[in-house]
Amino acid sequence: MTDLATRTPVDTDPMTMPLEDMDVSNIELWRTNSFWPYFERLRRDAPVHYCKESMFGPYWSITRFNDIMAVDTNHQAFSSESGLGGITILDQDADIPLPMFIAMDPPKHDVQRKTVSPIVSPMNLSVMEPLIRERAARILDELPVGETFDWVDRVSIELTTQMLATLFDYPFERRRELTHWSDVATTIPGPGELVETREEKRAELMECLASFTDLWNERVNAPPQGDLISMLAHGEATRDMSPEEYLGNIVLLIVGGNDTTRNSMTGSVVALNQFPEEYAKLRANPDLIPNMVSETIRWQTPLAHMRRTATQDVEIGGKTIHKGDKVIMWYVSGNRDDTVIKDPDNYIIDRERARQHLSFGFGIHRCVGNRLAEMQLRVIWEEILKRFPVIEVVEEPVYVPSPFVKGYQRLMVRIPERNATV
């Protein structure tokens, strides 16, 4: 495994290049948001594709909707175990070992997931909604109308980080630490990146562990409460976790609660600007917001992939995947599969069956917080439409240089003055 110092330039036509040379994990494709035709080619000509050489080692790409579903729902043949490599294209044993319940197989996965799932129960979500709405309103009311600002920083990060601080009962004034550690955990080290070396990444995550260990020690000696740390400290299946496993689950919950929601929140602004007729449709009928939220999550696909490791020889799409092989389910590609989703490249806020997408995964590892993510997006857009006729994107987005987190580092926008015409 190398780092970003060995960036590979992208200067080949994906429609004519030899299939054996295609590597959709190339960081430059994600930095420049130019991977789409590569996946189009793979879906058409090699939906189950083997890349023999990449900065992440050899891997299989699964690019069609139904094939991804087949892998995602077969945890017996396709393992998530961190000891086999984990859930991302970057082998966990080449990075920092972070056992977490999403990177476990049953039965351990099931009991650890069950420990934290009550925090996103329908009843608890109904309790959280007024708080989310109050915070969303405050964030929006403080935006500088008529000026250019970064939507990622002022809105997407701020709302999701406030929510994370509440879920963990983390010191509110230190909430941006959660965003920072989420970004550290998902950064591929390299020159000019948030962390430049694996040693620097490890040191940052040890700071995260130290902070959360202090909170664990407070909560474990207090009566059980409704926050995630207390749930883990008192849960029968989690109270005896090793420090590494505790850190792994904390990182999972931070990234899961931060990256996915924040990048869909930014993606909705990008999409509505790229498809202004849909923006007009939304303004005319705010009742479309819940459906628009699902369409955003499909169109954005905030996590581009999940990884599995084959535990036996398996045939998919006429190809034999061998035991021990790395298998990448490219959700970002499956969500654009026109054999399952009609007109998938377009953003259609009143799309029928908009929740038919892969972004939350399927099977035992389906995103535990999917309803919370949908609620936060719904609430922020209900509050946006009460205040602003339009949010204008004024610069090209700056994308996260990662084949895992499909998101935005910056999105410069402007809200026109109140008397401006739309």
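Excluded from the calculations below are hydrogen atoms, water molecules and symmetry mates; all remaining heavy atoms, backbone and side chain alike, are included.
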Does a salt bridge link [X] with [Y], judged by any charged N lying under 4.0 Å from a carboxylate O?
X: Arg133; Y: Glu129; answer: yes
X: Arg298; Y: Glu295; answer: yes
X: Glu382; Y: Arg378; answer: yes

Under the side-chain contact (heavy atoms from CB on, under 4.5 Å) test, which residues partner [X], sequence neighbours left out?
X: Met69; result: Phe65, Leu358, Phe362
X: Asp45; result: Leu19, Arg41
X: Pro276; result: none
X: Glu218; result: Leu215

For the side chain of [X] and the backbone of [Y], is there at least one donor-acceptor N/O pair under 3.5 Å apart?
X: Ser211; Y: Glu207; result: no
X: Ser402; Y: Val405; result: yes
X: Asn285; Y: Lys281; result: no
X: Ser230; Y: Gln225; result: yes
X: Glu196; Y: Gly192; result: yes
X: Asn221; Y: Asn217; result: yes
X: Tyr279; Y: Ile391; result: yes

Side chains of [X] and [Y]: is there a donor and an acceptor less than 3.5 Å apart?
X: Asn263; Y: Tyr399; value: no
X: Ser79; Y: Thr309; value: no
X: Tyr408; Y: Gln300; value: yes

Any side-chain heavy-atom pair from [X] and [Y] closer than 4.5 angstrom?
X: Ile321; Y: Asp313; answer: no
X: Val24; Y: Pro403; answer: no
X: Lys52; Y: Tyr59; answer: no

Show the numbers, then the answer: is there a side chain to side chain donor-acceptor pair (under 3.5 Å) between Ser54 and Asp23?
CA-CA 7 Å; Ser54 80; Asp23 172 21; 4.5 Å; no

To the nearest 0.5 Å, how far apart are [atom1] in [X] and [atom2] in [Y]?
X: Ile157; Y: Gln162; atom1: CD1; atom2: CD; answer: 12.0 Å
X: Ile297; Y: Met292; atom1: CD1; atom2: CE; answer: 10.0 Å
X: Ile349; Y: Leu288; atom1: CD1; atom2: CG; answer: 4.5 Å
X: Glu204; Y: Leu209; atom1: CD; atom2: CG; answer: 13.5 Å
X: Ile229; Y: Arg219; atom1: CD1; atom2: CZ; answer: 4.5 Å
X: Ile188; Y: Ile89; atom1: CD1; atom2: CD1; answer: 8.5 Å

Looking only at heavy atoms, which two atoms of [X] and [Y] are closest? And how far apart?
X: Pro344; Y: Asn335; value: CB-O, 3.9 Å
X: Phe78; Y: Ala310; value: CD2-CA, 4.3 Å
X: Arg135; Y: Leu159; value: CB-CD1, 4.2 Å
X: Val71; Y: Met329; value: CG1-SD, 3.6 Å
X: Arg154; Y: Ile139; value: O-CG2, 3.3 Å
X: Pro397; Y: Val270; value: CG-CG2, 4.3 Å

Can you run down the salt bridge (Lys or Arg N to Asp or Glu O under 4.0 Å) pairs that involve residues 175-188, sequence neighbours left out, and say none if there aren't any?
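For residues 175-188, and leaving out neighbouring residues, the salt bridge (Lys or Arg N to Asp or Glu O under 4.0 Å) pairs sorted by first residue read Asp153-Arg176, Glu158-Arg175, Glu158-Arg176, Arg174-Glu177, Asp183-Arg262.
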
With side chain to side chain contact (heavy atoms under 4.5 Å, CB included) as the test, would you mind laying out the steps for Lys201 and Leu205 before giving the verdict?
CA-CA 6 Å; Lys201 181 172 182 174; Leu205 291 177; 4.3 Å; yes

How far apart are the C-alpha atoms of Lys319 and His49, what are their side-chain angles, what is the distance that settles it, and do they pass the side chain to side chain contact (heavy atoms under 4.5 Å, CB included) test?
CA-CA 8 Å; Lys319 302 288 181 69; His49 174 263; 5.9 Å; no

Please work out whether the ring planes of Tyr347 and Phe275 are parallel, tilted or perpendicular, with thresholds of 30° and 60°.
tilted

Take the angle between the ring planes of Trp330 and Phe39 and call it parallel below 30°, perpendicular above 60°, tilted in between.
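Geometry flag for Phe39 against Trp330: tilted rings.
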
I would like to know whether Val400 and Lys406 meet side chain to side chain contact (heavy atoms under 4.5 Å, CB included); could you show each step before the answer?
CA-CA 6 Å; Val400 175; Lys406 182 175 168 292; over 6 Å; no

Residues, nucleotides or ligands: over 12 heavy atoms within 6.0 Å of [X] [atom1]:
X: Glu53; atom1: CD; value: no
X: Glu396; atom1: CD; value: no
X: Gln76; atom1: CD; value: yes
X: Arg44; atom1: CZ; value: yes

Step-by-step side chain to side chain donor-acceptor pair (under 3.5 Å) determination, Asp343 to Asn346:
CA-CA 6 Å; Asp343 201 11; Asn346 283 333; 3.0 Å; yes

For residues Phe360 and Tyr331, establish whether the separation of their ring centroids is below 6.0 Å.
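No.
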
Output field: ring centroids Phe168/Phe212 closer than 6.0 Å:
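That pair passes the under 6.0 Å test.
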
Under the side chain to side chain donor-acceptor pair (under 3.5 Å) rule, what do Ser333 and Arg43 come out as? Steps first, then yes or no, please.
CA-CA 8 Å; Ser333 174; Arg43 286 195 303 272; 3.0 Å; yes

In sequence, state the C-alpha distance, the side-chain angles, and the governing distance for Thr266 and Ser156, and then conclude on side chain to side chain donor-acceptor pair (under 3.5 Å).
CA-CA 6 Å; Thr266 304; Ser156 299; 2.7 Å; yes

Under the ring-ring contact (aromatic ring centres under 6.0 Å, His included) rule, what pairs show up with a residue in residues 177-208, not counting sequence neighbours?
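ring-ring contact (aromatic ring centres under 6.0 Å, His included) check on residues 177-208 returns no pairs.
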
